[in-house]
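So the structure is just underneath, and the comments pick up after that.
Letters A, B, ... mirror the listed sequences (proteins, then strands); counts begin at 1.
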There are 2 protein chains.
Amino acid sequence: MVEADSNSTLSYALLGLIWQKASSGYDLRKFFSSTPIRSFSDSPGAIYPALRRLEGRKLIRSRIEGKGGKRQRRVFEITSRGRLTLRRWQSQPITRDDVVHNADTLMMRFAFMDEFADRATALRFLQSFRQQLTAYLTELRRYLKANRQFMSISGRLALESGIQGYETLFRWAKRALATYQRLATHQRKEN
Amino acid sequence: MVEADSNSTLSYALLGLIWQKASSGYDLRKFFSSTPIRSFSDSPGAIYPALRRLEGRKLIRSRIEGKGGKRQRRVFEITSRGRLTLRRWQSQPITRDDVVHNADTLMMRFAFMDEFADRATALRFLQSFRQQLTAYLTELRRYLKANRQFMSISGRLALESGIQGYETLFRWAKRALATYQRLATHQRKEN
DNA sequence: TAGTCCATGTAAGATGTTACATGATTCA
DNA sequence: TGAATCATGTAACATCTTACATGGACTA
């Protein structure tokens, strides 16, 4: 009954932003060009068609705002179906493939956690992320150890850069977990 | 006279690998699926058409290898035009946009440095990379400082993750430069 | 009044994903 | 002999890039 969710990362980003605040295509483009939100393109050729698709799937709806002498704007707002879709996206389990190919999509998922998911989902995400990172780091280190003797200096350095990037993510995940746990403690004390 | 180089990152990766060693499409797919080479997809639907395009642009050429009772393989090797294209790609200046949107493409460029470019190009790359990273980090930190009070915890953490990633790249670039400088010193001593 | 920003879009083309298709060869 | 692996490809589809197009409103 529930059909497959297949939306691009851009679509999910748009959906999240529209959930935060009903917006026009132009607003969203400005947002992408003026903030470091894992810097999507702000090109109209990407954004306007993506909005149409979301509307076609009934994840958002639009109305034209032209009141007063103002110029016309098509303002989008999220539907309940859209909220459901975004939540489902956020609470998907993290796979090895996510970690290897879509690390920044994962971070996009996490950025919206506080607003659209509950604390438990955020914690599950971080724990599962940490676990996948551990596993992948083991793989990478093993590969480096086995092959470093056959690699050029620049090749080895490039691989090390990848490993260091994942190590940084791992430390980040640990710290993020600690942050949430500290928060929970404070809240208990307040009650 | 020299037309615009517009090849995807996948195409450049294929070109570099073929330069290292004449290969069939199947070899290249296996390479992508068995090494952590910034993990491109190993899907035939991406690789075979990309090889055809490279051949159409005369950056590689192919011959069919079927000697003996063996199965047929189409083996690709790089042309001098291909070598030129790859070198030109590697020695392009690093832009802000590269740093913001294509950090892993940059790493791919660097990975092949020792094999296809000279030491000076590698050093220029690292210096320029370090400089762009410094500039972008300043931007990101300024943005965080100005906006952290308005951000949710998960939003702030996600942004911090991005900053930490760039800090790691920055430290990497410094260390890589030091590695090459140490190397140069040793070589001088040996002479 | 000329330039810049607001605001929305389309068209052509490149690239990549997913799924399907085919056949030879090797190995248990 | 059947399964796995070698080996190459195509077709349909989604998505994104680049470039173009349009017009209103604000401002120096």
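Note: CG (B:N102) to P (D:dC16) measures 15 Å, nearest angstrom. D:dA14 atom P lies 8 Å from atom CZ of A:R57, rounded to whole Å. Atom P of nucleotide D:dT17 and atom NE2 of B:H101 are separated by 9 Å, given to the nearest angstrom. Remark: P of C:dG16 and CZ of B:F40 are 9 Å apart, rounded to the nearest angstrom. Between the CG atom of A:N7 and the C1' atom of D:dC13 there is a distance of 15 Å, given to the nearest Å. Separating the OH atom of B:Y48 from the P atom of C:dA19 is a distance of 19 Å, rounded to the nearest angstrom. In this structure, the CD atom of B:Q72 is 13 Å from the C1' atom of D:dG9, given to the nearest Å. At whole-Å resolution of the value, CG in A:L51 and C1' in D:dC16 are 14 Å apart.
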Show me the side-chain donor-acceptor pairs of residues 41-51 of chain B shorter than 3.5 Å, one per line, residues at least two apart or across chains.
residue : atom : partner : partner atom : Å
B:S41   : OG   : B:S43   : N            : 2.8
B:S43   : OG   : B:G45   : N            : 3.4
B:S43   : OG   : B:A46   : N            : 3.3

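With sequence neighbours excluded, the residues that form a side-chain hydrogen bond (donor to acceptor under 3.5 Å, both in side chains) with B:R74 are B:S62. Shown here are the salt bridge (charged side-chain N to carboxylate O under 4.0 Å, His left out) partners of B:R61, two or more places apart in sequence or in another chain: B:E77.
Checked by atom type, the side-chain pair A:R83/A:S80 shows no donor-acceptor distance below 3.5 Å. For the residue pair A:N7 and A:R53, no side-chain donor N or O sits within less than 3.5 Å of a side-chain acceptor on the partner.
Distance from the side chain of B:S8 is smallest to C:dT15 among D:dT8, C:dA7, C:dT15.
Here the side chain of A:T121 pairs no donor or acceptor atom with the backbone of A:A117 at under 3.5 angstrom. No donor-acceptor pair closer than 3.5 Å links the side chain of B:S24 to the backbone N or O of B:V75.
Ring planes of B:F116 and B:W19: parallel class, angle under 30° (limits at 30 and 60°).
Note on residues 132-142 of chain A: pairs passing salt bridge (charged side-chain N to carboxylate O under 4.0 Å, His left out), not counting sequence neighbours, are A:R96-A:E139, A:R141-A:E167.
Residue-level contact check: B:R29 touches the bases, meaning some heavy atom is under 4.0 Å from a base atom. B:S11 comes within contact range of no nucleotide atom at all, as no heavy-atom separation falls under 4.0 Å.
Place B:D27 and B:P49 on DNA chain D by their nearest nucleotides, and B:D27 ends up nearer the 5' end.
Note on B:R53: a side-chain N or O is less than 4.0 Å away from OP1 or OP2 of C:dG16. Distances shown here put a side-chain N or O of B:R52 below 4.0 Å from the OP1 or OP2 atom of D:dG9. Note on A:R74: a side-chain N or O is less than 4.0 Å away from OP1 or OP2 of C:dG9.
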Pull out every protein N or O sitting under 3.5 Å from an N or O of nucleotides 4-6 of chain C, one pair per line with the distance.
residue : atom : partner : partner atom : Å
C:dC6   : OP2  : A:Y26   : OH           : 2.7
C:dC6   : O5'  : A:Y26   : OH           : 3.4
C:dC6   : O3'  : A:R71   : NH1          : 3.3

When you compare the protein's N or O atoms with those of nucleotides 18-22 of chain D, which come within less than 3.5 Å of each other, and at what distance?
none

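The aromatic ring centroids of A:F112 and A:W89 lie 6.0 Å or more from each other.
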